[in-house]
Amino acid sequence: MHATLPLMRTYGFPALRRGALETLQVNLGYKCNQSCLHCHVNAGPSRTEMMSRETISDVLVFLEVNKIKTLDITGGAPELNPFFRTLVEKARQLGVHVVDRCNLTVLLEPGQEDLASFLSKNEVEVTASLPCYTEELVDRQRGKGVYARSIEGLRQLNRLGYGRRSS
């Protein structure tokens with residue numbers, strides 16, 4: 001690793017000033033229905049750490065008091081937190097734009113059959129990614145069958161209007 005402070009002193013660096021806080025990103029926990037080799041938080045099905053109802057209440061108060069415009073929800077699979085839907089609904093009632101960082105396959109999990117409809121009804125922006133465009137490499141990184149299930153998750157969202165500029 002290179003020491004940057006001496007370089008900044010030599011060449012100058014403009015002072016950083018924080019503007020207004022507009023986006024709050026919260027990690028709802030490490031439980032995930034996948035075990036990806038590249039996961040920076042080592043999330044997976046056996047992880048149990050999840051944000052509590054009390055902390056989610058604190059997040060909602062923070063959103064309201066600070067007039068935060070966007071709530072960016074991540075995890076693990078944030079949808080597996082039992083308080084995910086409450087957080088989304090209450091944030092939307094506050095007029096907050098909600099982004100769900102979704103792994104797509106969670107839409108097909110038992111107990112999540114109505115998740116895509118819930119996200120659509122609450123006008124949640126869904127941000128999803130695949131590590132590659134080939135089935136072989138996606139399945140190698142995220143697990144057997146993840147590519148096909150991800151495509152099915154995308155199709156569910158597309159049927160609800162996701163992926164269209166007007167939606």
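This structure is a prediction, so every number in the text was calculated from the model and none was measured.
- In this structure, the separation between CG on Asp100 and CZ on Phe84 is 4.0 Å, given to the nearest 0.5 Å.
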Could you go through residues 61-68 and list every donor-acceptor pair under 3.5 Å that involves a side-chain atom there, pairing it with any protein atom two or more places apart or in another chain?
| residue | atom | partner | partner atom | Å |
| --- | --- | --- | --- | --- |
| Asn66 | ND2 | Phe62 | O | 3.0 |

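- For the side-chain contact (heavy atoms from CB on, under 4.5 Å) test with Leu119, the passing option among Leu160, Leu107, Val88, Val98 is Leu107; the others fail.
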Check the pair Glu89 / Arg85 against salt bridge (charged side-chain N to carboxylate O under 4.0 Å, His left out), numbers first and verdict last. CA-CA 6 Å; Glu89 289 171 338; Arg85 293 179 191 224; over 6 Å; no
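- Leu137 belongs to no hydrophobic cluster with other residues, because no ILVMFWY side-chain heavy atom falls under 4.5 Å from its own, directly or through intermediates.
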Report all side-chain donor-acceptor pairs from residues 121-131 shorter than 3.5 Å, counting only partners two or more places apart or in another chain.
| residue | atom | partner | partner atom | Å |
| --- | --- | --- | --- | --- |
| Asn122 | ND2 | Phe118 | O | 2.9 |
| Glu123 | OE1 | Arg92 | NH2 | 3.0 |
| Glu125 | OE1 | His97 | NE2 | 2.6 |

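- Put simply, the side chain of Arg47 gets close to the backbone of Asn42: a donor and an acceptor are under 3.5 Å apart.
- Every pair passing salt bridge (Lys or Arg N to Asp or Glu O under 4.0 Å) that includes a residue from residues 149-158 is listed here, sequence neighbours excluded: Glu152-Arg159.
- Phe83 contributes atom CZ, which lies 6.5 Å from atom CD1 of Ile56 (distance to the nearest 0.5 angstrom).
- Remark: Asn33 engages Ala77, Leu80, Asn103, Thr105, Val106, Glu109 in a side-chain contact (heavy atoms from CB on, under 4.5 Å) (not counting sequence neighbours).
- Here the side chains of Gln156 and Leu108 are in contact, with some heavy-atom distance below 4.5 Å.
- Here CD1 of Ile73 is found 11.5 Å from SG of Cys102. Values are rounded to the nearest 0.5 Å.
- Note that CG of Leu104 is 4.5 Å distant from CG of Leu154, once rounded to the nearest 0.5 Å.
- When side chains are defined from C-beta on, Val99 counts as touching Thr70, because their heavy atoms get closer than 4.5 Å.
- Taking CG from Leu87 and CZ from Arg53, the interatomic distance works out to 12.5 Å, rounded to the nearest 0.5 Å.
- Taking CE from Met50 and OG1 from Thr55, the interatomic distance works out to 13.0 Å, rounded to the nearest 0.5 Å.
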Show me the donor-acceptor pairs, under 3.5 Å and distance only, between side chains in residues 11-27 and residues at least two apart or in other chains.
| residue | atom | partner | partner atom | Å |
| --- | --- | --- | --- | --- |
| Gln25 | NE2 | Asp72 | OD2 | 3.2 |
| Asn27 | OD1 | Gly29 | N | 2.8 |

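- Closest heavy-atom contact between Ala43 and Gly76: CB-CA, 3.6 Å.
- Here the shortest heavy-atom pairing between Val138 and Cys132 reads CG2-O, 3.1 Å.
- Linking ILVMFWY residues whenever their side-chain heavy atoms come closer than 4.5 Å, directly or via other members, places Val59 and Leu94 in the same cluster.
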Stepwise side-chain hydrogen bond (donor to acceptor under 3.5 Å, both in side chains) test for Ser117 and Ser120: CA-CA 5 Å; Ser117 295; Ser120 177; over 6 Å; no
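- Listed here is the closest heavy atom pair of Val41 and Gly75: CG2-O, 4.2 Å.
- Distance alone, capped at 3.5 Å, is enough to place a donor-acceptor pair between the Glu113 side chain and the Gly111 backbone.
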